[in-house]
Amino acid sequence: MDTIIKADKVNFSYNKQNNVLTDVSFEIDKNDFIGLIGPNGGGKSTLLKIILGLLQQDNGSLKVFNEGNKEARSKIGYVPQYSKIDLDYPISVWEVVMSGFLGNKKIGSRFDKKEKYKAEDVLKNLNLFELKDAAIGELSGGQRQRIMIVRALVREPKLLLLDEPTNNIDEASGRDLYELLHELNKTMAIITVSHDVDVISRHVKRIFCLNNKMACHNAVDVTNGDESENMKKVRHRQECIIH
């Protein structure tokens, strides 16, 4: 399989003293579906931002689509945490979706017909077109997450990053969301961040356990209870944080 991300001993710190990431190494292939788990402060969101090129590692090597992370950004779709969405801001579903094109445009540029047709097409494919005129704050949590995925998909990414996509949505909406991700995984690689080891292990192909350092596992091994000591420590630490 083709490797689309290769990280070799990536290190990062915000204050140049205490590493958030230490010697993080991994590879991701073009049809991978990765669950990224770990405790709060373990470096999950930081790693996504480095892959996106929003942060630069202190040292180590990171290639995305055999390019630097900044150069590869146009090939990546990103769905931020639910808490990052301002539900009181008066913006429609259509405006949210069209904002997905802004990264490719100059300030003041208008959206062209091709972009509008693409947005309509993705909304229709996900059965969300009838919501295009609704205010984003009027939607259910599950609907909002789907709209944010549409926003990421309009640029036709080859890699989709999601930061805790099932937070603040009900169980049924979470199942629907993973069904959608399984369908999308046929044409793109996916990395999704989660705190829930048990849920994520039922849906992804591999699990990356990140707590300053990285450990990689096959999801089936975790489902069958064959956890490494590192995974058990992370699960225990997560339970302590939650409880």
Side-chain angles (χ1 to χ4, degrees), residues 28 30-38 40 44-45 47-49 51-52 76-87 91-100 118-132 134-210 217-220 222-223 238 242:
I28 293 176
K30 65 178 182 179
N31 294 122
D32 255 330
F33 191 168
I34 305 296
L36 180 59
I37 68 167
N40 290 331
K44 303 184 299 298
S45 295
L47 180 59
L48 292 191
K49 290 176 182 178
I51 294 172
L52 282 164
I76 305 174
Y78 174 57
V79 180
Q81 290 184 24
Y82 185 96
S83 60
K84 305 299 183 184
I85 303 171
D86 185 354
L87 302 181
I91 187 171
S92 70
V93 165
W94 180 254
E95 290 169 319
V96 170
V97 171
M98 294 303 291
S99 72
K118 182 61 182 178
E120 289 180 2
D121 186 53
V122 179
L123 281 166
K124 289 175 180 177
N125 285 341
L126 271 64
N127 299 314
L128 294 167
F129 186 72
E130 69 277 7
L131 297 176
K132 70 182 182 67
I136 193 70
E138 296 174 352
L139 306 186
S140 69
Q143 289 172 326
R144 275 192 291 271
Q145 287 296 68
R146 282 175 169 262
I147 293 300
M148 296 306 293
I149 290 174
V150 171
R151 179 182 180 274
L153 293 179
V154 293
R155 293 170 64 179
E156 300 181 300
K158 296 180 180 180
L159 170 65
L160 182 63
L161 308 180
L162 304 100
D163 199 349
E164 301 188 32
T166 57
N167 274 14
N168 299 299
I169 65 175
D170 59 50
E171 185 176 346
S173 296
R175 287 196 300 270
D176 290 344
L177 185 63
Y178 276 113
E179 287 179 10
L180 171 60
L181 294 180
H182 278 291
E183 189 65 26
L184 295 175
N185 185 226
K186 295 176 182 179
T187 58
M188 67 187 70
I190 297 175
I191 304 174
T192 181
V193 171
S194 177
H195 278 100
D196 195 327
V197 179
D198 295 317
V199 170
I200 202 75
S201 62
R202 293 197 293 268
H203 295 285
V204 302
K205 295 175 181 176
R206 292 195 291 157
I207 290 177
F208 287 4
C209 176
L210 181 60
H217 309 265
N218 289 325
V220 66
V222 178
T223 304
Q238 285 177 312
I242 293 170

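On a predicted model such as this, the values are computed, not experimentally measured, just so you know.
- Counting all heavy atoms, side chain and backbone alike, S201 lies closest to I207 at CB-CD1, 3.6 Å.
- Shown are Q145, R146, M148; of these, the side chain to side chain contact (heavy atoms under 4.5 Å, CB included) with P165 is made only by Q145.
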Yes or no on side chain to side chain contact (heavy atoms under 4.5 Å, CB included) for V154 and D121, after CA distance, side-chain angles and deciding distance? CA-CA 9 Å; V154 293; D121 186 53; over 6 Å; no

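- Note that CZ of R144 and CG of L131 are 11.5 Å apart. Values are rounded to the nearest 0.5 Å.
- Counting all heavy atoms, side chain and backbone alike, L160 lies closest to A152 at CD1-CB, 3.8 Å.
- Exactly one of D163, V193, L162, N167 qualifies for a side chain to side chain contact (heavy atoms under 4.5 Å, CB included) with Q81. That residue is D163.
- Rounded to the nearest 0.5 angstrom, I76 CD1 and M188 CE are separated by 12.5 Å.
- In terms of heavy atoms, G77 sits closest to P157 at N-CB, 3.3 Å.
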I'd like to know whether K30 forms a side chain to side chain contact (heavy atoms under 4.5 Å, CB included) with K158, so could you lay out the CA-CA distance, the side-chain angles of the two residues, the decisive distance to 0.1 Å, and finally the verdict.
CA-CA 8 Å; K30 65 178 182 179; K158 296 180 180 180; over 6 Å; no

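- Within the 4.5 Å cutoff, the side chain of L184 has heavy atoms near those of the L153 side chain.
- The shortest side-chain heavy-atom distance between F129 and V150 does not fall under the 4.5 Å cut-off.
- Atom CZ in F33 sits 8.0 Å away from atom NE2 in H203 (nearest 0.5 Å).
- The CG atom of L177 lies 10.0 Å from the CD atom of E179; values are rounded to the nearest 0.5 Å.
- Considering all non-hydrogen atoms of both residues, S194 and I200 come closest at CB-CD1, 3.8 Å.
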Are V97 and K132 close enough, and set up right, to give a side chain to side chain contact (heavy atoms under 4.5 Å, CB included), and what steps lead you there?
CA-CA 9 Å; V97 171; K132 70 182 182 67; over 6 Å; no

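- A distance of 11.5 Å separates CD1 of I34 from CG of L161, quoted to the nearest 0.5 Å.
- Between I147 atom CD1 and W94 atom CH2 the span is 11.0 Å, to the nearest 0.5 Å.
- Under the side chain to side chain contact (heavy atoms under 4.5 Å, CB included) rule, I28 has a single partner from I190, I51, I191, which is I191.
- The local environment of CD in E171 is sparse, with at most 12 non-hydrogen atoms from other residues, nucleotides or ligands closer than 6.0 Å.
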Next item on the list: Decide side chain to side chain contact (heavy atoms under 4.5 Å, CB included) for L181 and I149; before the verdict, give the C-alpha distance in whole Å, the side-chain angles of both, and the deciding distance to 0.1 Å.
Entry: CA-CA 9 Å; L181 294 180; I149 290 174; 4.2 Å; yes

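- The pair K118-E156 counts as a salt bridge, with a side-chain nitrogen and a carboxylate oxygen less than 4.0 angstrom apart.
- Among all heavy-atom pairs drawn from M98 and A119, the shortest one is SD-CB, 3.5 Å.
- Remark: side-chain polar atoms of K44 are not paired, donor with acceptor, to backbone N or O of L36 under 3.5 angstrom.
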